[in-house]
Undergrad: 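Sharing a structure below in structure tokens format, with a few things to ask.
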Amino acid sequence: MSRARFAFAAHPDALTDLRQLPDEVRNTALLQLQDLVHGHLGAKRLEGRLEGFHKVYIDPAAGQRQWRMVVQFRDAPPSSAYQREVYLVAAGARQDYAVYRAAQLRTNRAGLNHSVPEVEQHRVQAALTRSSLTPDQRTTVPVTPSAAAQPAASAARKAPQR
């Protein structure tokens, strides 16, 4: 067996994720992690809130798209014999983006509190700001007496006579 190219580390909850996977999926995940650590497997870059992270398909059968791992390639701690490490953030179901939401929560990237590129800050600010042309929600629209009387008058006409 070849020597590992990267160190390995995992978020504590990601280890729980691995234990909760179905046996066949867990076996595939462990083999994929081994291949990542040895440098024999690539991972697809993620974008958006998980930029800087990668996804790894861990479906035991080809063509399935149900299970994923989210990993990060990062600098290893100074005490490590390796310069870089594979950091497992989350493993789980792709359905409803569960694995990606878990990764966002574990890396504090779930909300707008993560850093937004300077180019995007203007768009974010615009989205959070109310337009000066939008009427204030507390103002009431004046109702004319004739408009208020119309529904009552039409209801009186429709009422059956006895």
Side-chain angles (χ1 to χ4, degrees), residues 1-140:
M1 175 153 285
S2 64
R3 185 178 186 303
R5 187 172 168 201
F6 301 102
F8 175 76
H11 190 282
D13 293 335
L15 296 175
T16 303
D17 292 347
L18 283 174
R19 285 187 208 103
Q20 293 174 350
L21 291 173
D23 291 343
E24 192 176 358
V25 176
R26 181 178 49 248
N27 291 340
T28 302
L30 293 172
L31 289 171
Q32 298 286 48
L33 286 171
Q34 178 179 328
D35 286 346
L36 282 171
V37 168
H38 286 271
H40 300 305
L41 179 70
K44 188 172 180 182
R45 285 186 179 271
L46 291 169
E47 297 176 353
R49 290 183 180 165
L50 287 174
E51 185 146 349
F53 293 83
H54 296 76
K55 67 180 173 182
V56 179
Y57 302 94
I58 56 173
D59 298 303
Q64 292 182 346
R65 295 181 176 262
Q66 297 177 358
W67 304 97
R68 301 283 186 276
M69 286 188 298
V70 177
V71 298
Q72 182 182 34
F73 296 96
R74 64 184 195 180
D75 291 336
S79 60
S80 176
Y82 299 92
Q83 291 182 353
R84 306 275 293 159
E85 71 180 5
V86 175
Y87 180 66
L88 176 64
V89 179
R94 175 184 175 262
Q95 184 177 0
D96 298 327
Y97 299 100
V99 69
Y100 302 114
R101 279 196 320 261
Q104 288 174 359
L105 290 171
R106 292 173 189 169
T107 58
N108 295 324
R109 292 177 180 224
L112 286 177
N113 59 349
H114 71 282
S115 61
V116 177
E118 194 171 324
V119 176
E120 296 290 320
Q121 287 179 356
H122 296 291
R123 277 204 236 155
V124 170
Q125 185 61 37
L128 295 174
T129 306
R130 290 193 60 190
S131 169
S132 61
L133 301 176
T134 304
D136 189 4
Q137 297 292 340
R138 293 173 295 196
T139 59
T140 57

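Reckoned from all heavy atoms, side chains included, excluding hydrogens, waters and symmetry mates. Keep in mind that what you see is a predicted model, and the values were worked out from it rather than measured.
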Undergrad: Can you see which heavy atom on Ala90 is nearest to which on Ala14, and at what distance?
TA: N-CB, 3.9 Å
Undergrad: Please check if atom CD in Gln64 has more than 12 non-hydrogen atoms from other residues, nucleotides or ligands closer than 6.0 Å.
TA: yes
Undergrad: Rounded to the nearest 0.5 Å, what separation is found between the CD atom of Gln83 and the CZ atom of Phe6?
TA: 10.0 Å
Undergrad: Could you tell me which residues satisfy side chain to side chain contact (heavy atoms under 4.5 Å, CB included) with Leu31, sequence neighbours excluded, listed by chain and number?
TA: Gln34
Undergrad: Suppose the criterion is salt bridge (Lys or Arg N to Asp or Glu O under 4.0 Å): which pairs have a residue in residues 31-42, not counting sequence neighbours?
TA: none
Undergrad: Could you pull out all residues at least two apart from Thr16 that satisfy side chain to side chain contact (heavy atoms under 4.5 Å, CB included)?
TA: Arg19, Gln20
Undergrad: Not counting sequence neighbours, list each pair that qualifies as a ring pair (Phe, Tyr, Trp, His ring centres under 6.0 Å) and has a residue in residues 48-70.
TA: His54-Phe73
Undergrad: Name the orientation class of the two ring planes belonging to Tyr97 and Tyr100 (parallel below 30°, tilted from 30 to 60°, perpendicular beyond 60°).
TA: tilted
Undergrad: Please report the closest heavy-atom contact between Val99 and Gly92, naming both atoms and the distance.
TA: CG2-N, 3.5 Å
Undergrad: Any salt bridge (Lys or Arg N to Asp or Glu O under 4.0 Å) involving residues 94-105? Give me the pairs, sequence neighbours left out, ordered by first then second residue.
TA: none
Undergrad: Could you tell me the separation between the CD atom of Gln32 and the CG atom of Asn27, rounded to the nearest 0.5 Å?
TA: 11.5 Å
Undergrad: Any idea which heavy atoms bring Ala29 and Ile58 closest together, and the distance?
TA: CA-CG2, 3.7 Å
Undergrad: Check salt bridge (Lys or Arg N to Asp or Glu O under 4.0 Å) between Arg74 and all other residues, then give those that pass, not counting sequence neighbours.
TA: Glu85
Undergrad: For Ala43 and Val56, which heavy atoms make the closest approach, and how far apart are they?
TA: CB-CG2, 3.7 Å
Undergrad: Determine whether Leu88 and Leu18 satisfy the following criterion, side-chain contact (heavy atoms from CB on, under 4.5 Å), listing intermediate values before the conclusion.
TA: CA-CA 10 Å; Leu88 176 64; Leu18 283 174; 3.6 Å; yes
Undergrad: Closest heavy-atom contact between Leu46 and Val70?
TA: CD1-CG1, 4.1 Å
Undergrad: Could you pull out the closest heavy-atom pair between Ala10 and Leu15, with the gap in Å?
TA: CB-CD2, 3.8 Å
Undergrad: Could you pull out all residues at least two apart from Arg84 that satisfy side chain to side chain donor-acceptor pair (under 3.5 Å)?
TA: Asp75
Undergrad: Measure the spacing between NZ of Lys55 and CZ of Arg45 and express it to the nearest 0.5 Å.
TA: 13.5 Å
Undergrad: Going from OG1 on Thr28 to CG on Leu21, what distance comes out if it is rounded to the nearest 0.5 angstrom?
TA: 9.5 Å
Undergrad: Using the salt bridge (Lys or Arg N to Asp or Glu O under 4.0 Å) criterion, which residues pair with Arg26? Sequence neighbours excluded.
TA: Asp23
Undergrad: Can you tell me how far apart CG (Leu105) and CZ (Arg109) are? Round to the nearest 0.5 Å.
TA: 12.5 Å
Undergrad: Who passes salt bridge (Lys or Arg N to Asp or Glu O under 4.0 Å) against Asp59, sequence neighbours left out?
TA: Arg68
